[in-house]
Amino acid sequence: MKSELLANLNSRQVLAVTHDSGPLLVIAGPGSGKTRVIVHRVAFLIEQQQIRPEEIMVVTFTNKASRELKERLKTLLGESVAERIISGTFHSIASKILRVNGDPIGIKNNFSIYDREDQIFVVRQACDFLGVDTKKFNPSIFLTKISNAKSKMIDPELLQTAAVSVFEKLVASVYLEYEKFLHDNQALDFDDLLLQACNLFEKVPQVLSNIQHRIKYLLVDEFQDTNLVQYKFAKQIAYESQNICVVGDPDQSIYSWRNADLKNILNFQKDFINCTVVKLVENYRSTSNILDASQALINKNNNRFDNDIETNNPEGAPIELYRADNEYDEANKIVEKIVKLRNDGFFYENFAVTYRVNAQSRAFEDAFIRKGIPYKLIGALKFYQRREIKDIIAYMRIIHNSNDDNSMLRVINVPPRGIGDRTIAALRSLANQKGSSLRNTLVDLDEEMIDIRKAGIKSLINFQRIVSGLIDNSFSQNNLTNLLDKLLSTTGYQEHIKGDIEHAEERWENIGELRSIVGQFDDLERDEALNRFLDQVALVTAEDDPSVEIKSAVTLITLHQTKGLEFPIVFIVGLEEGLLPHKRSLDSPEELEEERRLLYVGITRAISHLHLSWSTYRTIFGTTTRTIRSQFLENIPERLLHISNEHISHSEYPSFRNNSNLKLHQNELMDINVGDKVEHFKFGKGRVMKTILRPGDVELIVVFKVNGIKHLLSSVAKLKVLEEK
DNA sequence: GATGACGGTCTTTTT
DNA sequence: GACCGTCATC
């Protein structure tokens with residue numbers, strides 16, 4: 001048995017797998033068999049150490065990683081054993097703990113989980129309440145600050161005390177209101193799931209000690225991406241047993257913007273003083289060309305653990321570097337390569353096109369559709385974030401949690417049923433007076449006490465009837481599918497969607513998809529099914545999108561989401577300054593290093609072929625701009641690259657800011673670029689759309705706000721640059 | 001209260 | 001070039 005478990009493992013992997021008890025830190029480079037180590041370690045504990053499966057907890061970051069882990073455990077241990085192991089994402093595990101044990105700290109088991117959209121809505125309400133102008137202050141900035149505070153375990157009062165500037169004080173007061181709103185709605189946001197779980201451990205030690213006794217071994221994957229709260233959560237669970245194994249790679253830390261803290265790896269070694277450290281340094285995934293490129297790149301980071309990765313794999317093909325004229329050219333070139341490589345025997349599912357921002361997927365989708373190449377788009381349009389899906393879910397939340405005013409407000413007039421702003425305002429103020437939720441206020445609506453016209457009252461009563469009809473559990477509709485069907489008909493939502501002529505079919509199909517998901521819960525009693533369904537819905541993410549279940553297809557995916565994946569052929573596109581590295585990271589060395597790590601993650605996904613590309617022009621927000629190729633390309637040794645189409649012809653060179661070879665009348669010709677805002681003495685303000693090089697001059701095509709499109713010669717027009725792109 | 005036109009903003013990355 | 005919130009009009 002033992003030999004089978006340890007066969008095909010290298011000596012360091014064996015060390016990690018067979019580590020007996022006590023804390024263990026595994027630093028695992030890309031392609032070094034990280035998941036393999038986790039899976040085999042779990043198997044080792046069960047089969048060799050006689051640990052019961054339910055005494056082992058494995059925590060991952062994404063549902064996908066969790067599912068994959070379960071699959072591999074099933075293969076190794078058999079289904080009945082694998083199923084008993086406790087595994088899930090940080091958020092799902094914390095959520096379960098809170099649903100079962102949250103009551104003593106005021107968390108009812110039917111709490112709603114708010115996603116970003118819900119959160120923005122709450123922030124807006126908090127701003128309204130405080131009289132903060134949301135035009136001046138973007139709600140998402142508050143949300144970022146609030147999330148930052150929460151993941152550092154800072155509560156509103158503490159933030160208030162620490163606040164120095166006016167703005168910081170404002171953030172603190174929005175935070176305070178935000179928390180009140182969440183509480184009144186009986187809702188938690190993502191950060192709360194972990195924060196409140198830790199809070200629960202503190203307030204009700206019995207819950208913690210039960211878990212500590214139950215969980216003998218804890219394993220945490222992607223440890224470099226934990227934030228402070230997550231680390232604390234894990235640390236507490238393992239405090240008693242000291243059997244905590246964390247696996248991660250500092251070079252693949254790409255979530256500091258989500259408050260992941262690399263210091264956790266350092267702190268781990270302090271918090272668990274006698275921890276064993278195992279470094280996995282042999283890469284089994286990539287060709288040596290690809291690995292060499294990745295190592296050369298990551299070595300440019302100053303702030304780095306010394307952790308060089310090696311491979312015994314063959315050299316492989318050179319890395320292709322291609323310069324495109326624009327994003328469509330870039331996409332077409334990649335289509336050509338896919339077609340060619342398919343003729344060489346690769347399948348569509350062997351390809352991944354990876355990029356920095358979701359918006360880049362568009363050009364590829366266009367090209368793929370035109371050429372009939374099947375593709376799956378990961379993450380961009382998330383199924384559970386579509387409007388119709390969120391509306392239906394809001395209805396379900398109302399049924400499930402009578403305090404969820406947010407969901408109530410979302411759909412109280414969707415489809416339109418004559419409940420406008422004034423009616424809603426009146427209802428809310430009445431609810432306020434009564435200190436009750438909107439739904440409960442509606443249940444025994446006091447017609448005398450509400451100050452609106454008759455029609456409004458009638459509409460409200462009508463809505464109340466619809467909702468209570470749905471809540472009523474006594475008829476034949478005792479499963480979720482029945483509930484959904486009844487919901488669609490009695491709320492008029494089905495009709496409502498048909499009214500959206502342009503998207504009717506697509507939206508209806510989405511609801512059909514939701515119906516089949518809901519159907520998976522039909523063997524449960526309705527309210528329990530509702531509870532489970534809503535929990536799942538809140539915690540699933542992009543990769544669980546049911547609309548991307550295409551088997552043989554090219555993958556379109558952001559670099560962030562590629563972590564943990566591998567593909568024989570990887571395209572990394574848009575290697576340009578401002579895009580990769582992203583412009584928001586350019587003024588901070590730390591953030592620039594994180595961008596470099598992001599590219600490192602991308603490169604190390606490739607098994608045999610890596611293609612890099614950049615484009616001299618790129619259209620962002622509808623304006624085309626000249627680009628500069630990414631500084632990261634300079635970090636990759638030329639000997640590893642095969643460069644094509646490097647030369648840039650003059651006709652494609654409308655901008656001259658970056659071309660010192662061209663002799664121009666320096667004083668006459670200012671530095672004007674596509675995208676700049678300019679002012680003309682006669683035409684007024686406008687934006688440069690295009691620049692065309694003419695002998696000794698530059699022709700500018702400018703769209704003026706008032707006077708429309710004009711062709712101007714730079715030497716004559718004497719434009720004033722107001723704002724550079 | 002519903003509807004449609006307009007103008008401003010947005011794009012990092014996600015549990 | 002999409003989406004959202006705001007405003008004018010019905």
Side-chain angles (χ1 to χ4, degrees), chain A residues 59-66 88-95 113-117 119-121 124 128 133-136 138-141 143-144 147 150-151 188-195 222 225-227 229-230 253-260 354-362 378-382 384-385 387 412-425 452-453 455-456 459 499 537-545 557-563 574 578-586 591 594-595 597-599 601-602 618-624 705:
Chain A
V59 187
T60 59
F61 267 81
T62 64
N63 296 295
K64 187 173 183 178
S66 170
T89 64
F90 271 109
H91 292 90
S92 68
I93 289 174
S95 171
I113 300 173
Y114 280 4
D115 69 5
R116 194 182 159 80
E117 194 186 348
Q119 288 175 284
I120 293 276
F121 194 81
R124 279 188 184 282
D128 282 355
D133 185 0
T134 49
K135 274 186 211 144
K136 237 168 108 191
N138 188 334
S140 61
I141 294 172
L143 203 53
T144 306
S147 179
K150 284 193 178 185
S151 52
L188 301 178
D189 64 22
F190 287 127
D191 295 313
D192 282 336
L193 292 176
L194 283 135
L195 201 56
E222 306 282 12
D225 289 327
T226 47
N227 66 29
V229 187
Q230 289 163 335
S253 157
I254 53 175
Y255 284 104
S256 72
W257 52 273
R258 217 171 71 191
N259 303 306
T354 70
Y355 37 78
R356 181 63 177 85
V357 300
N358 278 309
Q360 284 173 265
S361 69
R362 189 183 200 92
I378 310 288
L381 280 167
K382 289 163 203 159
Y384 290 106
Q385 285 176 11
R387 195 179 356 147
I412 194 166
N413 200 33
V414 180
R417 53 172 73 87
I419 303 176
D421 290 346
R422 311 195 107 202
T423 310
I424 291 171
I452 41 164
R453 59 203 179 79
S459 303
V537 158
L539 297 170
V540 295
T541 48
E543 74 269 26
D544 305 299
D545 189 332
I557 191 169
T558 63
L559 284 161
H560 279 89
Q561 293 187 96
T562 62
K563 199 166 51 127
L579 194 55
L580 181 59
H582 195 270
K583 61 173 176 288
R584 301 259 281 243
S585 69
L586 290 175
E591 287 180 46
E594 179 149 317
E595 295 286 306
R597 289 195 294 270
L598 187 58
L599 178 57
V601 167
R618 187 164 296 278
T619 306
I620 299 167
F621 305 138
T623 34
T624 306
K705 273 215 162 123

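By convention in this document, chain letters (A, B, ...) are assigned in the order of the sequence lines, proteins followed by strands, and residues within each chain are numbered from 1. Fair warning: this is a prediction, and the values are worked out from it, not measured in the lab.
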Quick check: does any side chain N or O of A:S151 sit under 3.5 Å from a backbone N or O of A:S147, one acting as donor and the other as acceptor? yes

On DNA chain B, more 5' by nearest nucleotide between A:E594 and A:R422 is A:R422

So, do A:L539 and A:L193 sit near enough that their side-chain heavy atoms are less than 4.5 Å apart? yes

Please state how far atom CG in A:N63 lies from atom P in B:dT14, giving the value in whole angstrom units. 14 Å

Any donor-acceptor N/O pair, A:E595 side chain to A:H582 backbone, under 3.5 Å: yes

Produce a footprint string for nucleotides 1-10 of chain C: one letter per nucleotide, 5' end first; B if the base is under 4.0 Å from any protein heavy atom, S if only the sugar-phosphate is, - if neither. BS--S-----

Which part of the nucleic acid, if any, lies within reach of A:D191 when heavy atoms closer than 4.0 Å are counted: base, sugar-phosphate only, or nothing? nothing

CG of A:L193 versus P of B:dT15: gap in Å, rounded? 13 Å

For atom NZ of A:K583 and atom P of B:dC10, their distance in whole Å: 11 Å

B:dT11 C1' sits how many Å from A:Q360 CD, rounded? 10 Å

Rounded to whole angstrom units, what separation is found between the CD1 atom of A:I620 and the C1' atom of B:dT9? 15 Å

Heavy atoms under 4.0 Å, any strand shown: does A:N413 hit a base, just sugar-phosphate, or nothing? sugar-phosphate

A:S585, A:P581, A:S256 screened by side-chain contact (heavy atoms from CB on, under 4.5 Å) with A:E594, the one that passes: A:S256

With a cut-off of less than 4.0 Å, is there a side-chain N or O of A:Q561 near OP1 or OP2 of B:dT13? no

Using a cut-off of less than 4.0 Å, is there contact between a side-chain N or O of A:T558 and OP1 or OP2 of B:dT14? yes

For A:D115 and B:dT15, give me the distance from atom CG to atom P, rounded to whole Å. 12 Å

Interatomic distance at C1', B:dT13 relative to C:dC4, whole Å: 22 Å

So what does A:Y255 touch, heavy atoms closer than 4.0 Å: a base, only the sugar-phosphate, or nothing? sugar-phosphate

Is a donor on one side and an acceptor on the other found under 3.5 Å between the side chain of A:Y355 and the backbone of A:L559? no

Look at the side chain of A:N358 and decide which nucleotide, out of B:dT15, B:dT13, B:dT11, has an atom nearest to it. B:dT13

Under 4.5 Å between any side-chain heavy atoms of A:K150 and A:D192, yes or no? yes

Without decimals, in angstroms, what is the distance between A:I424 CD1 and B:dA2 C1'? 13 Å

A:S459 side chain to A:A455 main-chain N or O, any donor-acceptor pair under 3.5 Å? yes

Under 4.0 Å between any heavy atoms, over every strand shown, what does A:T423 touch: base, sugar-phosphate, or nothing? Just pick one. sugar-phosphate

Touch class at under 4.0 angstrom, heavy-atom based, for A:F61 against every strand present: sugar-phosphate

Please give, in whole Å, the distance from B:dT13 C1' to A:H582 NE2? 9 Å

Just to be sure I understand the rule, does A:R417 reach a base, reach only the sugar-phosphate, or reach nothing, if contact means heavy atoms closer than 4.0 Å? sugar-phosphate

Proximity to the side chain of A:H560 - top-ranked nucleotide from B:dT13, B:dT3, B:dT15: B:dT13

Take A:H560 and A:W257 through the ring pair (Phe, Tyr, Trp, His ring centres under 6.0 Å) test and state the conclusion after the steps. CA-CA 12 Å; A:H560 279 89; A:W257 52 273; 5.8 Å; yes

